[in-house]
**Student:** 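Please read through the structure below; I'll follow up with questions.
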Amino acid sequence: MEKMNSQARILEEIKILSENHVCGLSNKELAEKAGTTASNVCRDLGIFEEYGWVTRDDKGRCRLSAEFGGIAGQIMKSYKVARLELSREEERYATAMQ
């Protein structure tokens with residue numbers, strides 16, 4: 001595996017965590033799957049924890065948090081707001097044409 005920079009490694013770790021959500025992963029397992037060191041994973045997970053993006057179960061296994069999943073909900077909310085604004089603009093335009 002080609003050496004990744006830290007940004008690419010973090011994105012790879014997020015992808016791996018999403019693929020292993022139900023069982024979660026230990027730091028060692030995540031490091032092995034990401035092709036990096038346990039110290040890198042430990043540092044990266046510390047950042048994820050600061051943002052509330054990972055949780056640990058009673059065995060210390062990590063998984064992405066509901067807060068991380070909420071990011072997709074925020075994106076969907078943005079689309080709804082955009083559709084509503086577009087609909088309002090269309091209505092104003094149609095009214096002005098009459």
Side-chain angles (χ1 to χ4, degrees):
M1 177 181 265
E2 185 178 320
K3 183 175 168 80
M4 288 184 268
N5 64 39
S6 59
Q7 293 87 353
R9 184 183 68 239
I10 284 173
L11 294 174
E12 180 67 14
E13 290 166 357
I14 289 171
K15 184 177 116 189
I16 292 166
L17 285 168
S18 74
E19 293 167 349
N20 294 274
H21 184 75
V22 173
C23 296
L25 293 171
S26 68
N27 287 18
K28 181 180 178 185
E29 291 167 331
L30 181 55
E32 289 172 0
K33 288 179 179 288
T36 190
T37 65
S39 61
N40 280 341
V41 165
C42 186
R43 183 174 42 255
D44 297 341
L45 288 175
I47 294 168
F48 296 164
E49 287 172 338
E50 284 179 36
Y51 280 83
W53 285 8
V54 295
T55 59
R56 291 185 184 268
D57 64 17
D58 56 355
K59 296 177 184 174
R61 298 174 71 78
C62 292
R63 61 180 46 90
L64 294 172
S65 70
E67 186 172 338
F68 182 86
I71 292 169
Q74 288 298 319
I75 292 168
M76 292 305 297
K77 183 179 176 182
S78 295
Y79 279 118
K80 287 179 184 178
V81 169
R83 279 194 301 272
L84 180 59
E85 183 57 35
L86 182 58
S87 179
R88 288 178 182 153
E89 183 63 29
E90 179 183 31
E91 187 178 320
R92 285 190 293 269
Y93 186 81
T95 300
M97 285 178 32
Q98 294 177 7

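These figures come from a predicted structure and were not determined experimentally.
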**Student:** May I have the list of side-chain donor-acceptor pairs in residues 72-85 shorter than 3.5 Å, sequence neighbours left out?
**Tutor:**
from, atom 1, to, atom 2, distance (Å)
Ser78, OG, Gln74, O, 3.1
Glu85, OE2, Arg92, NH2, 3.3

**Student:** Let me have the donor-acceptor pairs involving side chains of residues 43-50, under 3.5 Å, with sequence neighbours excluded, atom names and distances please.
**Tutor:**
from, atom 1, to, atom 2, distance (Å)
Arg43, NH2, Asn40, OD1, 2.3
Asp44, OD1, Arg9, NH2, 3.0
Asp44, OD2, Arg9, NE, 2.7
Asp44, OD2, Arg9, NH2, 3.3
Glu49, OE2, Arg56, NE, 2.8

**Student:** What pairs with Asp58 under side chain to side chain contact (heavy atoms under 4.5 Å, CB included), at least two apart in sequence or on another chain?
**Tutor:**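 Asp58 satisfies side chain to side chain contact (heavy atoms under 4.5 Å, CB included) with no other residue.
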**Student:** By side-chain hydrogen bond (donor to acceptor under 3.5 Å, both in side chains), which residues pair with Thr95, not counting sequence neighbours?
**Tutor:** none
**Student:** Identify the residue among Gln7, Met4, Lys33 that makes a side chain to side chain contact (heavy atoms under 4.5 Å, CB included) with Glu12.
**Tutor:** Met4
**Student:** For a 4.5 angstrom cut-off between non-hydrogen side-chain atoms, does Glu29 reach Asn20?
**Tutor:**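 They are not in side-chain contact.
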**Student:** Inspect the surroundings of CD in Glu91 and state if more than 12 heavy atoms from other residues, nucleotides or ligands are less than 6.0 Å away.
**Tutor:** no
**Student:** Using 0.5 Å steps for rounding, measure from the CD atom of Glu13 to the OG atom of Ser6.
**Tutor:** 10.0 Å
**Student:** Atom CG of Leu30 and atom CG of Leu17: how far apart are they, to the nearest 0.5 Å?
**Tutor:**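 Going from CG on Leu30 over to CG on Leu17, the span is 5.0 Å.
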**Student:** To the nearest 0.5 Å, what is the distance between SG on Cys23 and CG on Asp57?
**Tutor:** 10.0 Å
**Student:** Could you grab the distance from atom OG of Ser39 to atom CG of Asn27, nearest 0.5 Å is fine?
**Tutor:**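 Ser39 OG to Asn27 CG: 10.5 Å, rounded to 0.5 Å.
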**Student:** What pairs with Tyr93 under ring-ring contact (aromatic ring centres under 6.0 Å, His included), at least two apart in sequence or on another chain?
**Tutor:** none
**Student:** When you measure from the side chain of Arg63 to the backbone N and O of Val22, does any donor-acceptor pair fall under 3.5 Å?
**Tutor:**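 Yes.
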**Student:** Which atom names give the shortest non-hydrogen contact between Gly24 and Arg61, and what distance separates them?
**Tutor:** O-NH2, 2.8 Å
**Student:** Quick one: side chain to side chain contact (heavy atoms under 4.5 Å, CB included) partners of Ser18, sequence neighbours excluded?
**Tutor:**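 For Ser18, the residues satisfying side chain to side chain contact (heavy atoms under 4.5 Å, CB included) (neighbours in sequence not counted) are Leu64.
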**Student:** Would you say Phe68 ends up clustered with Val41 if hydrophobic residues are merged whenever their side chains have heavy atoms under 4.5 Å apart, either directly or through other cluster members?
**Tutor:**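 Result: yes, single cluster for both.
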